[in-house]
S.K.: 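Right, I'll just put the structure down here and ask away after.
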Protein chains: 2
Amino acid sequence: MDRQLPDLSALRPAGSKRSSKRDSVLEVFLRQEGHVSADDLFDLVRRETAGIGRATVYRTLQWLVGAGVARKVDFGDGRARFEPAYRHPRHFHLICTRCHSSSEFLSSDVESLLEEIAAARQFTTTQATVQISGICEQCRTGRPTPPVDGATTEMVFARDALRMAIATERSGLDFYTRAAGLTKDPRGRSIFQKLAAEEGEHLGTLETRYRELLAGDPALESRPTFLFFKGAASGLFAEGSKQLRQGVNDQEALLIGIKCERGSHKFFKKYGERFEDSEGKQVFLEFAEEERVHLDLLMREYRALRQRQTKPSPRGRAARRPRTRS
Amino acid sequence: MDRQLPDLSALRPAGSKRSSKRDSVLEVFLRQEGHVSADDLFDLVRRETAGIGRATVYRTLQWLVGAGVARKVDFGDGRARFEPAYRHPRHFHLICTRCHSSSEFLSSDVESLLEEIAAARQFTTTQATVQISGICEQCRTGRPTPPVDGATTEMVFARDALRMAIATERSGLDFYTRAAGLTKDPRGRSIFQKLAAEEGEHLGTLETRYRELLAGDPALESRPTFLFFKGAASGLFAEGSKQLRQGVNDQEALLIGIKCERGSHKFFKKYGERFEDSEGKQVFLEFAEEERVHLDLLMREYRALRQRQTKPSPRGRAARRPRTRS
DNA sequence: CTAGGTGCAAATAATTTGCAGAGGC
DNA sequence: GCCTCTGCAAATTATTTGCACCTAG
């Protein structure tokens with residue numbers, strides 16, 4: 001609950017003055033957890049600061065949206081809702097048409113697909129909206145669901161980022177193990193075995209971190225999924241999976257590994273970068289970095305291998321200096 | 001352009017009367033291709049039928065939405081748009097914020113993911129909205145894009161349904177061919193070879209149909225993709241792909257085939273069923289049916305195999321009548 | 001002192017509603 | 001003739017604007 005407020009002076013548009021009214025609107029707004037309509041916020045502000053006009057609230061919200069502090073969401077009921085953007089990843093909504101509550105989710109797969117679709121249509125995306133309307137569990141069963149505050153959202157996001165990293169790692173471990181089992185060539189097999197060992201080690205690290213995160217809040221694990229993922233976890237190795245044959249030699253094994261690690265690194269880097277500063281973002285970027293280290297190792301190994309291959313068979317210019325590329 | 005109108009008498013809510021005014025609103029509405037706002041429609045109707053009130057248009061649209069003839073879409077600019085639902089598959093939108101045009105797309109993958117997400121949250125979906133906002137190609141490059149009318153949409157949908165079926169078939173052919181190459185057991189291999197041959201044959205049929213469709217309109221092939229798919233085409237065989245090993249015998253091969261064909265059948269049947277009557281829907285349902293035929297064949301073969309396996313080793317009750325299950 | 005911020009009230013803009021009259025069954 | 005539909009105008013709702021006044025820099 002003790003979230004740091006963003007640096008407001010930096011966010012303030014050029015040539016604007018500070019104002020106690022605006023500050024109090026902002027203060028009340030940032031205290032809100034869910035979505036507020038402009039009018040809701042007006043009432044809330046009025047309750048503690050008398051003499052504030054409705055127009056000020058509207059104007060402040062416009063300013064906040066422009067500054068990226070607030071996000072405007074449209075649930076289609078004719079009134080705009082606003083939510084604090086700070087430390088909230090950009091997300092999608094499930095909207096209950098009966099109780100008008102809304103819960104949030106994220107799906108890296110949906111995001112990737114939408115990106116691809118926009119690219120295919122030569123469309124420059126500025127924003128993607130995904131909303132699922134229907135009846136929520138609470139309304140259907142009558143069972144109440146505990147509300148989530150901002151700090152919880154943050155932790156759930158971190159939890160899911162870790163889960164995604166772990167699933168990817170596991171998928172990698174699985175892939176390399178399978179690859180090692182299938183590969184007849186001893187050098188190719190040994191490459192895959194080494195990769196599997198590395199993935200296994202990193203998997204352990206991630207799992208420890210996951211347990212540590214859960215230790216902070218025992219209820220965390222049972223909270224509903226916020227970030228859905230499939231493609232990243234399993235899809236990143238699907239391409240490599242298709243290239244597996246018995247006759248994979250060390251060079252091919254390295255190339256397969258390079259392709260997988262590069263895909264994984266790129267994906268997590270790009271994905272992590274979309275978020276505001278948060279634990280979850282950290283998880284993604286660190287994971288991406290880890291994959292980059294693997295990738296570098298593989299690349300070095302691949303280059304060394306090519307070198308070794310070229311030397312014993314000096315077919316062309318045998319005088320070429322070793323260790324120099326192109 | 002010669003689209004059949006839906007049976008309006010059937011759609012009319014109980015206890016409602018026919019009315020020339022309403023009919024003329026409806027008639028003008030159904031003639032529209034893109035999205036109209038209530039006010040746009042009001043103007044359009046006024047132009048040819050004098051003395052129609054704005055309220056009537058609003059009321060008629062409400063009624064049409066309730067009857068499923070129209071769909072209401074919210075582009076977030078404060079005014080609702082309406083589009084004819086008839087012979088238009090439920091779709092998603094790309095909205096250009098500069099020229100306020102909108103184009104449509106569909107993604108079986110996004111749809112599946114959203115379904116899964118809703119299910120994970122125990123949420124009963126009534127509607128899913130996906131909107132990508134940004135700048136369209138036309139606005140960025142100045143190059144005009146030819147508009148698409150309803151008949152074209154219908155054909156593009158059919159085209160993409162066929163493409164999806166073809167891609168799936170190709171993916172199946174690829175998978176079974178790979179499986180046959182990898183399988184050492186001669187009986188297992190022969191199963192996969194037979195499956196590959198069947199997929200190849202069906203692929204030919206689909207491709208012929210695709211060519212026939214294109215023959216009707218040479219420009220059809222170059223139109224932008226409407227239906228995006230990945231998972232169905234490649235994902236359906238991913239599971240089976242993982243189970244491939246050298247030592248797959250005939251029984252296991254059959255089981256893998258059964259799993260793949262069943263997944264494919266189910267997916268296409270369910271997906272086809274979501275659409276209004278159209279050529280595209282036909283393609284999906286026929287494809288599903290074809291997969292079901294394959295599935296049945298495999299199942300019969302599997303049962304026969306089990307039978308054969310049980311007979312030569314009469315471990316328990318050897319007196320059991322053959323050809324009787326359970 | 002002055003540019004911007006503010007409250008209030010009035011303006012807008014999309015849509016709905018009340019009501020008296022018209023029209024289908 | 002009854003019951004629903006219709007047009008018009010007035011009402012409602014969410015949001016913006018005009019304007020005289022206020023306040024921070």
Side-chain angles (χ1 to χ4, degrees), chain A residues 8-9 11-29 35-67 69-83 100, chain B residues 8-9 11-29 35-67 69-83 100:
Chain A
L8 294 171
S9 45
L11 296 169
R12 194 160 285 140
S16 68
K17 294 176 178 176
R18 82 171 8 234
S19 133
S20 57
K21 301 290 174 61
R22 199 178 271 183
D23 282 354
S24 55
V25 174
L26 175 55
E27 203 243 322
V28 175
F29 174 66
H35 317 88
V36 251
S37 71
D39 243 32
D40 291 346
L41 185 60
F42 172 63
D43 288 344
L44 286 164
V45 176
R46 270 252 155 144
R47 208 165 296 163
E48 41 193 277
T49 314
I52 290 228
R54 183 175 266 97
T56 304
V57 175
Y58 274 93
R59 280 188 281 234
T60 307
L61 281 171
Q62 280 177 336
W63 167 67
L64 289 175
V65 170
V69 180
R71 267 196 304 263
K72 192 175 180 178
V73 268
D74 187 349
F75 290 172
D77 62 346
R79 87 179 73 182
R81 311 304 184 87
F82 298 84
E83 58 185 12
H100 296 106
Chain B
L8 295 171
S9 44
L11 297 168
R12 193 160 286 139
S16 69
K17 291 178 178 175
R18 85 172 5 240
S19 133
S20 56
K21 302 291 174 61
R22 198 177 273 182
D23 281 354
S24 55
V25 174
L26 174 57
E27 203 242 321
V28 175
F29 174 66
H35 315 91
V36 252
S37 72
D39 243 31
D40 291 345
L41 186 60
F42 173 62
D43 288 343
L44 286 164
V45 175
R46 269 251 157 143
R47 207 165 297 162
E48 41 192 277
T49 314
I52 290 231
R54 183 174 268 96
T56 304
V57 174
Y58 275 93
R59 279 188 281 234
T60 306
L61 281 171
Q62 280 178 335
W63 168 67
L64 289 175
V65 170
V69 181
R71 268 195 305 263
K72 193 175 180 177
V73 268
D74 187 350
F75 290 171
D77 61 346
R79 87 180 72 180
R81 312 303 183 88
F82 298 85
E83 57 186 14
H100 296 106

S.K.: Can you find a heavy atom in the side chain of T49(A) that is under 4.5 Å from one in the side chain of V28(A)?
M.R.: no
S.K.: What is the distance from CH2 of W63(A) to C1' of dT15(D), rounded to the nearest Å?
M.R.: 20 Å
S.K.: Atom CG in L26(B), atom CG in L41(B): separation rounded to 0.5 Å?
M.R.: 9.5 Å
S.K.: In whole angstrom, give the distance that lies between atom CG of D77(A) and atom C1' of dT16(C).
M.R.: 16 Å
S.K.: Expressed as a whole number of angstroms, how long is the span from F75(B):CZ to dA14(C):C1'?
M.R.: 16 Å
S.K.: Closest to the R22(A) side chain: dG5(C), dA9(C), dT15(D)?
M.R.: dG5(C)
S.K.: Please determine whether a side-chain nitrogen or oxygen atom of Q62(A) lies at a distance below 4.0 Å from atom OP1 or OP2 of dT16(D).
M.R.: yes
S.K.: Both S20(B) and R79(B) contact DNA chain C. Which one's nearest nucleotide lies toward the 5' end?
M.R.: R79(B)
S.K.: Quickly work out the K21(B) NZ to dT4(D) C1' distance and round it to whole Å.
M.R.: 13 Å
S.K.: Check whether any side-chain heavy atom of L64(A) lies under 4.5 Å from a side-chain heavy atom of F29(A), and answer yes or no.
M.R.: yes
S.K.: About how many Å separate CH2 of W63(A) and CZ of R22(A), when rounded to the nearest 0.5 Å?
M.R.: 5.0 Å
S.K.: With the side chain of R59(B) defined as its heavy atoms from C-beta on, choose the nearest nucleotide among dT6(C), dC8(D), dA9(C).
M.R.: dC8(D)
S.K.: Is there a side-chain contact between R79(A) and D39(A) in this structure, where contact means two heavy atoms from C-beta onward sitting under 4.5 Å apart?
M.R.: no
S.K.: Of all of residues 38-54 of chain A, which get a heavy atom below 4.0 angstrom from DNA chain C, listed by number?
M.R.: R46(A), G51(A), I52(A), G53(A)
S.K.: Hey, does the side chain of Y58(B) come within less than 4.0 Å of dT16(C)'s phosphate (OP1/OP2), counting only N and O?
M.R.: no
S.K.: Check the distance between dA13(C)'s C1' and R81(B)'s CZ and give it to me in whole angstrom.
M.R.: 14 Å
S.K.: Quick check: closest heavy atoms across V57(B) and A38(B), and the distance to 0.1 Å?
M.R.: CG1-O, 3.6 Å
